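Everything below concerns the one structure shown next.
All values derive from a computational prediction rather than experimental measurement. Along the sequence shown, the residues carry numbers beginning at 1.
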Amino acid sequence: WSRSPFVPALGAAAILLVIAASCYGLLGTRSVAKPFDESHLRVGILPERTAADSVRKSRRLLAYLEQDFGIPCNKVDVDSPEDLLDRFVAGEIDLALLNAYTFVQARQRCNAVPLVTRTNDPWSTAVLVAPAKTLGAAGNRSLESFRGQSIATGPSCSTCGELMPRHLLTRIGESPDSFFSEIHFCSHPNEIFEKLADGSTQLAALNSNSLDKQVSVDSTTLDSLSIVWESAPFVDHVWTVTPRMPLRIQNRIRDAFLALRESDPEHAAILADQDSGGYLPVVASDFDGIAEMIHELTKSGNHRSESP
């Protein structure tokens with residue numbers, strides 16, 4: 001390169017000073033990441049069907065974390081899984097409960113750090129279910145038999161309700177948007193079961209854990225619904241922290257979750273709120289399979305990245 005005739009020659013020390021100032025944002029070209037605020041912990045949780053349900057499910061857990069850390073743990077209200085993801089990436093949330101789909105996106109966007117998952121989550125599967133009476137006497141469970149019918153799914157960033165069925169259809173050269181006559185995006189599994197029960201949808205995509213929970217509440221679900229397809233197991237929900245958080249705090253949060261035991265009555269109540277029997281540590285590579293699905297969908301042009 002050649003020096004501009006309009007700029008006076010700078011000494012070596014001055015040049016180094018300008019470069020250093022640029023790197024540290026003094027010239028406005030690059031900003032330094034804001035230090036992590038250790039005076040409180042901002043916690044984001046996937047929204048429940050009602051605000052009251054969200055408060056009930058988080059109250060005891062937040063109190064437990066506050067007691068362990070000795071600092072306020074404040075629940076950040078979010079409108080949707082997409083809102084939770086965006087606010088976490090924006091640095092407005094320090095600790096978040098994400099599903100596998102949103103975690104991979106958070107990992108790609110801000111290098112999110114996974115800590116723990118519930119003991120039942122490493123064996124999560126996605127299922128497509130249909131009313132048993134609609135399958136006929138032969139019990140036809142072919143996906144092709146649902147072409148042109150409607151499907152009820154989770155939010156557009158749901159692992160089991162959106163990513164898995166979209167990937168399944170893409171692998172056979174189809175797209176949910178054209179394969180089904182209508183897609184009902186539901187904010188909670190209960191809405192999916194209601195649509196199956198009233199006949200407003202012929203097929204539904206959801207997490208098998210949600211199906212098991214529904215069966216525990218209403219045993220007739222076993223007879224009224226049939227599984228049309230089931231995925232391989234994968235790790236789903238994961239407690240995740242911002243990469244700005246110091247490692248010692250990350251480890252303390254992880255250890256607080258791992259210390260929860262069903263044999264302790266107080267812990268048992270917290271675990272029941274979280275539909276969990278305990279927690280297991282996880283690493284980013286546990287989500288490589290989900291990341292590959294997203295990559296395949298992106299390459300095919302069949303990846304829905306925004307809400308409907």
Side-chain angles (χ1 to χ4, degrees), residues 46 81 99-104 117-147 149-176 179-180 183-186 188-197 201-238 275-277 280 282 286-294 296-297 302-304:
L46 290 165
N99 64 33
Y101 193 8
T102 49
F103 167 73
V104 170
T117 188
R118 298 178 304 182
T119 51
N120 50 314
D121 276 321
W123 295 274
S124 293
T125 59
V127 292
L128 294 178
V129 299
K133 62 184 179 182
T134 66
L135 299 181
N140 182 8
R141 301 188 183 192
S142 166
L143 185 60
E144 179 62 31
S145 64
F146 293 93
R147 181 185 292 275
Q149 298 191 43
S150 64
I151 183 172
T153 75
S156 62
C157 63
S158 165
T159 311
C160 297
E162 165 65 16
L163 178 65
M164 291 289 186
R166 186 169 290 274
H167 183 260
L168 170 66
L169 286 165
T170 298
R171 295 291 291 269
I172 60 174
E174 300 285 353
S175 166
F179 187 86
F180 297 108
I183 300 177
H184 302 282
F185 289 96
C186 302
H188 193 272
N190 285 356
E191 293 181 41
I192 294 178
F193 290 116
E194 288 168 4
K195 288 186 178 299
L196 286 166
T201 190
Q202 291 76 49
L203 188 67
L206 68 161
N207 191 308
S208 58
N209 289 332
S210 297
L211 181 59
D212 291 341
K213 185 176 180 180
Q214 177 65 17
V215 170
S216 70
V217 173
D218 181 4
S219 60
T220 62
T221 305
L222 279 174
D223 299 322
S224 61
L225 297 177
S226 292
I227 295 177
V228 176
W229 170 84
E230 184 169 18
S231 74
F234 64 96
V235 181
D236 198 359
H237 297 95
V238 54
D275 298 319
S276 174
L280 298 169
V282 288
D286 290 327
F287 301 88
D288 284 352
I290 299 297
E292 181 59 29
M293 286 186 185
I294 296 174
E296 288 182 19
L297 288 174
N302 203 14
H303 180 216
R304 180 192 293 275

> Between Ala126 and Phe234, which heavy-atom pair has the shortest distance, and what is it?
Replying inline: N-CE2, 3.8 Å

> Hey, are the side chains of Leu143 and Leu203 touching, using non-hydrogen atoms and a 4.5 Å cut-off?
Replying inline: yes

> If you take all heavy atoms of Pro165 and Leu128, which pair is closest and at what distance?
Replying inline: CB-CD2, 4.3 Å

> Is a donor on one side and an acceptor on the other found under 3.5 Å between the side chain of Gln202 and the backbone of Ser150?
Replying inline: yes

>> To check you understand the geometry: which heavy-atom pair defines the closest contact between Ser276 and Asn120, and what is its length?
In response: CA-OD1, 4.2 Å

>> Using a 6.0 Å cut-off, check whether atom CZ of Arg171 has over 12 heavy atoms from anything other than its own residue.
In response: no

>> Do Phe185 and Thr153 make a side-chain contact, defined as non-hydrogen atoms from C-beta onward lying under 4.5 Å apart?
In response: yes

> Would you say Cys160 and Leu206 make side-chain contact, with heavy atoms under 4.5 Å?
Replying inline: no

> Once you round to the nearest 0.5 Å, how far does CG of Asp121 lie from CG of Asp286?
Replying inline: 11.5 Å

>> Could you go through Leu211 and Ile227, starting from their C-alpha distance and side-chain angles, then the distance that decides it, and tell me whether this counts as side chain to side chain contact (heavy atoms under 4.5 Å, CB included)?
In response: CA-CA 10 Å; Leu211 181 59; Ile227 295 177; 4.1 Å; yes

> When rounded to the nearest 0.5 angstrom, what distance separates NE2 in His184 from CD in Glu194?
Replying inline: 13.0 Å

> Cut-off 3.5 Å, side chains only: do Asn209 and Asp275 have a donor facing an acceptor?
Replying inline: no

> Atom OG of Ser175 and atom CZ of Phe180: how far apart are they, to the nearest 0.5 Å?
Replying inline: 10.0 Å

> Which heavy atom of Ser124 sits nearest a heavy atom of Ser208, and at what distance?
Replying inline: C-OG, 4.2 Å

>> Within the 4.5 Å heavy-atom criterion, are Pro189 and Gln214 side-chain neighbours or not?
In response: no

>> Measuring only between side-chain heavy atoms, which start at C-beta, is Val238 closer than 4.5 Å to Phe287?
In response: yes

>> Quick one: does any side-chain atom of Asp236 pair with a main-chain N or O of Ala100 as donor and acceptor, under 3.5 Å?
In response: yes

> Are any non-hydrogen side-chain atoms of Asn99 and Asn207 less than 4.5 angstrom apart?
Replying inline: no

> Do the non-hydrogen side-chain atoms of His237 and Thr102 ever get within less than 4.5 Å of each other?
Replying inline: no

>> Minimum heavy-atom separation for His167 and Leu297, please, with both atom names.
In response: CA-CD2, 3.9 Å

> If you round to the nearest 0.5 Å, how far is CE of Met293 from CZ of Arg166?
Replying inline: 14.0 Å

>> With a 4.5 Å cut-off on side-chain heavy atoms, are Phe193 and Asp218 touching?
In response: no

> Quick one: CD on Glu191 to CG on Leu196, what's the gap to the nearest 0.5 Å?
Replying inline: 12.0 Å

>> How long is the straight-line distance from CD1 of Ile151 back to CG of Leu169, given to the nearest 0.5 Å?
In response: 7.5 Å

